[in-house]
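Below you'll find the structure, written out as structure tokens, and then a few comments.
So you know, we letter chains A, B, ... as the sequences are listed, proteins then strands, and number each from 1. We use all heavy atoms of the structure for the numbers below, so side chains are in, but hydrogens, waters and symmetry mates are not.
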Amino acid sequence: MGTADIQVEVIIPTQTKYLDLIGCIGERLGRELENFTGDREALAYYLNLVLTEATANAIKHAKDCRPEDTVRISINIQADELNIKVYDHGQGFDLETVPMPDFDDPKENGMGIYFIKTLMDSVTYVRQGDCNVLEIKKHLT
Amino acid sequence: MGTADIQVEVIIPTQTKYLDLIGCIGERLGRELENFTGDREALAYYLNLVLTEATANAIKHAKDCRPEDTVRISINIQADELNIKVYDHGQGFDLETVPMPDFDDPKENGMGIYFIKTLMDSVTYVRQGDCNVLEIKKHLT
Amino acid sequence: MKLTLEKNKNFNVVWVQEERIDAHNSAGLKEYILNLLEEGEHNLVVQLEQVRFIDSSGLGALLSGYKNAASRSGKLVLSNIQPQVLAMFELTRLNRVFEIYLDVDEALANQT
Amino acid sequence: MKLTLEKNKNFNVVWVQEERIDAHNSAGLKEYILNLLEEGEHNLVVQLEQVRFIDSSGLGALLSGYKNAASRSGKLVLSNIQPQVLAMFELTRLNRVFEIYLDVDEALANQT
Ligand SMILES: Nc1ncnc2c1ncn2[C@@H]1O[C@H](COP(=O)(O)OP(=O)(O)O)[C@@H](O)[C@H]1O
Ligand SMILES: Nc1ncnc2c1ncn2[C@@H]1O[C@H](COP(=O)(O)OP(=O)(O)O)[C@@H](O)[C@H]1O
């Protein structure tokens, strides 16, 4: 790839079998960020993870409403910022009320949003038209 | 993946740097067609090639009109048929008038459509709304 | 979820034969471990050498096995974790919960 | 397009250091070969071992080099073609146009 600007949009059915594909697209794009001076392998892994977690949540919660639904994922990479948007048609939720995992009493669930928040620089979740958007940003400098 | 039905849509800018990604998505999906009894590695390579050729054409000819344009690629795989659609916003062309390559006097250009026709079972190119669609099918039995 | 089981005297070894554990196959891992525990195999080593990627649901599946083994007075330990996968255990502090060994031999040698 | 050049007595070897030749990088390959020919290097072996994928524009770039070498009374031959890439030469009958060798040594041994 080489040049800094990347814009890819992928639309998949709400099925977990597509997580592998989505994660790998992210990993691939991360690995090819030739202008990124940090640890590119680590960034590629984080992109895989963050896309997997965000898409898995969108699939899980969209599914409850409309099984025939799709999830749209947009990945935008500029020289200094990476931006991921995951659109779902589920009932939505309040990102602010999701608690941190309790490390002294670990649970099976509730680590996905924590991964996203920890590995990236900002996360928001807002209603936009007829869908919800989880928007994830990371500075690349 | 495993289960037979696959539906993925990818939207990219009209830039050749995305060909690698598109081709590799196709290769990956082909390799994971667990129900396909033929040579899966060969099918995966053909999908890579056919997607690369079709997308390269869409990029090349859309670009002439609108540099800010995007190309949309839809990949659908059912148990017995594979269907690829590539949408472009270019001036279009008449698929029927594209000649076979002259094997006795080979040229640098004009091998892309030949690859698609040879490796797949049917190819059409039609106007659909405000864009053109190259539709490629292959039976998987 | 491709898994193979190696039965030993006191400890069974579950080899995870996947490069990736995510929400698509983690339920399979969780169930498999639960079934083993229910069949009376209370001591397990999960060998993760093949695994290059794990998500939160994969960690959750392993934690479920860990807790279920403990509640049966058994033990579930891990071995051969790849560096990038180990980083996920560290981020969630689950490396302080699980016993983690370099390889299966070391895991078995440390059980009594 | 990553390429390395190995200068020999009469034949130069161009090592293609890419896994993939497609419409994104084939123009780079075409230009590189054309520049070599214009610099007076009329005899080339293109070593394709790294290449796992080639599209029609990649074949076109090599054919362009072949024709340009011939028009200068030179020669462009190929070596170390992977099976899946060779299949593309066969589909377009370009295997009948190019001299194709197993490796660089064989390619060089067959030139006079
Ligand atoms: N796209 C979404 N739609 C609705 N609720 C969501 C979505 N994403 C996350 N959530 C809510 O946030 C909680 C925490 O999510 P997460 O950290 O990924 O853990 P988990 O999915 O394992 O519960 C979920 O339990 C769910 O209630
Ligand atoms: N999407 C498209 N839009 C317009 N013209 C196209 C498109 N795809 C193919 N063509 C036409 O068909 C011809 C043959 O295409 P192809 O076999 O891919 O060879 P090449 O692109 O190397 O010329 C092109 O030269 C072009 O005129």
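- Checked by atom type and distance alone, the side chain of A:Y114 pairs as donor or acceptor with a backbone atom of C:L91 at under 3.5 Å.
- Taken to the nearest 0.5 Å, the CG atom of C:L59 stands 11.5 Å off from the CG atom of A:N109.
- A heavy-atom distance below 4.5 Å is not found between the side chains of A:T16 and C:D22.
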Legend entry - A:F103 vs C:R96, side-chain contact (heavy atoms from CB on, under 4.5 Å): CA-CA, chis, key distance, verdict: CA-CA 9 Å; A:F103 295 124; C:R96 302 186 314 199; 4.1 Å; yes
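- Between A:Y45 and C:I54, the shortest heavy-atom distance links the atoms OH-N, 3.2 Å.
- Annotation: side chain of A:F115 is in contact with side chain of C:M88 (closest heavy-atom distance under 4.5 Å).
- Residue-environment remark: OH (C:Y66) stays at or below the threshold of 12 foreign heavy atoms within 6.0 Å.
- Using a 4.5 Å heavy-atom cutoff, the side chains of C:F53 and A:T52 are in contact.
- Surrounding CD of C:E19 are at most 12 heavy atoms belonging to other residues, nucleotides or ligands under 6.0 Å away.
- Distance NE2/C:H24 to CG/A:L21: 12.0 Å, rounded to 0.5 Å.
- Distance alone, capped at 3.5 Å, is enough to place a donor-acceptor pair between the A:E53 side chain and the C:S56 backbone.
- Looking at A:P106, the atoms closer than 4.5 Å to chain C (heavy atoms on both sides) sit in the backbone and in the side chain alike.
- Considering every non-hydrogen atom in both A:M111 and C:L94, the closest pair reads SD-CD1, 4.1 Å.
- Residues A:D104 and C:R93 form no side-chain contact, since every pair of their non-hydrogen atoms from C-beta on lies 4.5 Å or further apart.
- C:L62 does not touch chain A: none of its heavy atoms, backbone or side chain, sits under 4.5 Å away.
- Both the backbone and the side chain of A:N48 come within less than 4.5 Å of a heavy atom in chain C.
- Salt bridge annotation for C:K30-A:E108: present, with a cationic side-chain nitrogen under 4.0 angstrom from a carboxylate oxygen.
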